[in-house]
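What follows is a set of notes on a single structure, which appears directly below.
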Amino acid sequence: MWNTVNEQISQAMHFDFKHTSKCQLQSPNSDKLFQISDGIHQYFVKVAHRNDLERFENEAHNLKLLTQESLFMVPDCITTGSSIEFSFIVLEWLELDPQPHTNWHIMGSHLASLHLKHRQAMFGFDHDNFIGPTAQPNRWHKKWNIFFAEERIGWQLQLLHEKGIELVDKDYFVALIKNMLHSHNVQPSLLHGDFWRGNMGFIHSVPSIFDPSCYYGDREVDIAMSELFAPLPDAFYIAYNKHYPLSQGYEQRKLIYQLYPILNHANIFAGHYLTEAKQQIELLLK
């Protein structure tokens, strides 16, 4: 496979590249992560099963879109490809600044600038993509409450159902989510879609984001996600609200929006995430 990686980097970059060092990095999931170098040029390589090529191609598309539409530093995709057994994506190597960092206010203002662009009239995306390893359907909808209830919550509950796990009556709960979001007025924004601390950082003090799961939706989804696993410093939220204040009722909607990544983790990892999902559902049923 590595000969194929070298060849495709050479074709993409228009010089002969052959890595002389390869360092495997810690991975938060089943993807294998590598830093490769020829002594001059460095690249970041993700490797997965051959069947994951579509996921890597979607990631490349999302990264390009965020590069075009945002002020963030986003890694360039050099190439994607596959061998007989594996698929891979090669990204520009970006060296993240050490934490803690003091520029979280810029991260907040950059996200607000992205969200303030309302260039899409509907909710969804041109193609389905992935959140982590999980397929993410993005059929276009005119109404946000229907999109989120069906394409996000209903989809995740269906995946659990196919595993034999019933946390709640799916049809009843999807209808409930539609009703809870019915009166919320939303203009579609381009979302990162998986906006948590592990998918962001700083490069020479410039905010950087990566591992996106983009679609057009309610900007509050990104904010809610950022508060779920490891909330960002207050400076981030203060700056975001200064540029684009959150709407009344966000704290209630946050519980709905955070259910989606919790359900996704329940589908991927099971364990205590199933308990968390059940607890979150019970809160919303009250």
Side-chain angles (χ1 to χ4, degrees), residues 1-15 17 19 22 24-25 27-38 41-96 110-111 114 117 119-120 124-140 189-196 198-201 203 206-217 222 225 264 268:
M1 183 200 75
W2 290 105
N3 285 336
T4 304
V5 171
N6 287 336
E7 288 171 3
Q8 290 198 208
I9 292 175
S10 298
Q11 292 171 7
M13 301 304 293
H14 305 292
F15 63 81
F17 177 85
H19 73 271
K22 172 166 59 75
Q24 187 163 357
L25 308 171
S27 175
N29 51 46
S30 60
D31 291 348
K32 290 182 170 59
L33 309 180
F34 298 89
Q35 178 191 19
I36 64 172
S37 174
D38 64 355
H41 310 93
Q42 296 184 82
Y43 300 103
F44 178 66
V45 185
K46 294 184 185 182
V47 179
H49 190 274
R50 181 182 174 88
N51 293 341
D52 286 295
L53 179 59
E54 181 185 2
R55 173 164 62 89
F56 288 153
E57 290 174 341
N58 280 326
E59 179 177 353
H61 175 79
N62 288 180
L63 290 169
K64 183 177 181 181
L65 185 60
L66 286 173
T67 298
Q68 294 169 343
E69 296 293 333
S70 80
L71 299 171
F72 292 105
M73 184 171 291
V74 180
D76 289 333
C77 176
I78 308 303
T79 187
T80 60
S82 62
S83 63
I84 295 174
E85 189 176 357
F86 299 103
S87 62
F88 58 85
I89 182 171
V90 181
L91 302 177
E92 172 189 13
W93 176 264
L94 297 178
E95 193 77 41
L96 295 178
H110 279 13
L111 186 66
L114 173 65
K117 296 180 178 181
R119 296 176 177 170
Q120 176 54 247
F125 207 52
D126 284 337
H127 52 76
D128 296 341
N129 51 24
F130 296 81
I131 181 164
T134 310
Q136 179 170 263
N138 292 312
R139 285 182 302 167
W140 291 106
S189 297
L190 178 62
L191 307 182
H192 177 282
D194 197 5
F195 192 77
W196 73 287
N199 289 341
M200 65 185 77
I203 299 157
V206 178
S208 175
I209 54 175
F210 34 86
D211 286 342
S213 303
C214 293
Y215 63 99
Y216 291 91
D222 276 348
M225 181 69 174
N264 187 48
I268 299 168

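At distances below 3.5 Å, not a single donor-acceptor pair connects side-chain atoms of Asp52 with backbone N or O atoms of Arg55. In this structure, the side chain of Asp194 does not engage the main chain of Pro212 through any donor-acceptor pair within 3.5 Å. Asp222 places a side-chain N or O within 3.5 Å of a backbone atom of Gly193 that can act as its donor or acceptor partner. For Ser213 (side chain) and Phe130 (main-chain N/O), a donor-acceptor pair under 3.5 Å exists by modelled atom type.
Glu69 places a side-chain heavy atom less than 4.5 Å from the side chain of Arg119. Under the 4.5 Å side-chain criterion, counting only non-hydrogen atoms from C-beta, Glu7 is not in contact with Phe17. Side chains of Asp31 and Val47 form no contact here, defined as non-hydrogen atoms less than 4.5 Å apart. Side chains of Asn138 and Tyr216 form no contact here, defined as non-hydrogen atoms less than 4.5 Å apart. Counting heavy atoms from C-beta on, the side chains of Pro133 and Ile268 come closer than 4.5 Å. Looking at Thr67 and Met73, their side chains never come closer than 4.5 Å, going by heavy atoms from C-beta outward.
In this pair, His127 and Phe125 present their aromatic rings perpendicular. The plane angle is above 60°, beyond the 30 to 60° band. By the 30° and 60° cut-offs, the orientation of the rings of Phe44 relative to Trp93 is tilted.
Enclosure of atom CD in Gln68 by more than 12 non-hydrogen atoms of other residues, nucleotides or ligands within 6.0 angstrom is indicated.
Partner Arg50 forms a side-chain hydrogen bond (donor to acceptor under 3.5 Å, both in side chains) with one of Ser82, Ser83, Ser87 and no other, that one being Ser82.
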Notebook entry, point to check: What do the steps show when you test His41 against Asp38 for side chain to side chain donor-acceptor pair (under 3.5 Å), and what is the final call?
Noted result: CA-CA 6 Å; His41 310 93; Asp38 64 355; 3.1 Å; yes
Check: Are Phe210 and Leu96 close enough, and set up right, to give a side-chain contact (heavy atoms from CB on, under 4.5 Å), and what steps lead you there?
Finding: CA-CA 12 Å; Phe210 34 86; Leu96 295 178; 4.1 Å; yes
Check: What do the steps show when you test Phe88 against Met1 for side-chain contact (heavy atoms from CB on, under 4.5 Å), and what is the final call?
Finding: CA-CA 9 Å; Phe88 58 85; Met1 183 200 75; 4.3 Å; yes
Next item on the list: Could you go through the side-chain contact (heavy atoms from CB on, under 4.5 Å) check for Leu65 and Leu190 one step at a time?
Entry: CA-CA 9 Å; Leu65 185 60; Leu190 178 62; 3.7 Å; yes
Next item on the list: List the steps, then state whether side-chain contact (heavy atoms from CB on, under 4.5 Å) holds for Lys46 with Asp211.
Entry: CA-CA 11 Å; Lys46 294 184 185 182; Asp211 286 342; 2.5 Å; yes
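Summarising the geometry, atom CG belonging to Leu33 is positioned 7.5 Å from atom CD belonging to Gln24; distances are rounded to the nearest 0.5 Å. Put simply, CG on Leu71 and CG on Leu66 are 11.5 Å apart, with the number rounded to the nearest 0.5 Å.
Residues that satisfy the ring-ring contact (aromatic ring centres under 6.0 Å, His included) test with Trp2, not counting sequence neighbours, are His19, Phe34. Scanning for ring-ring contact (aromatic ring centres under 6.0 Å, His included) contacts around Phe195 gives His192, Phe236, with sequence neighbours left out.
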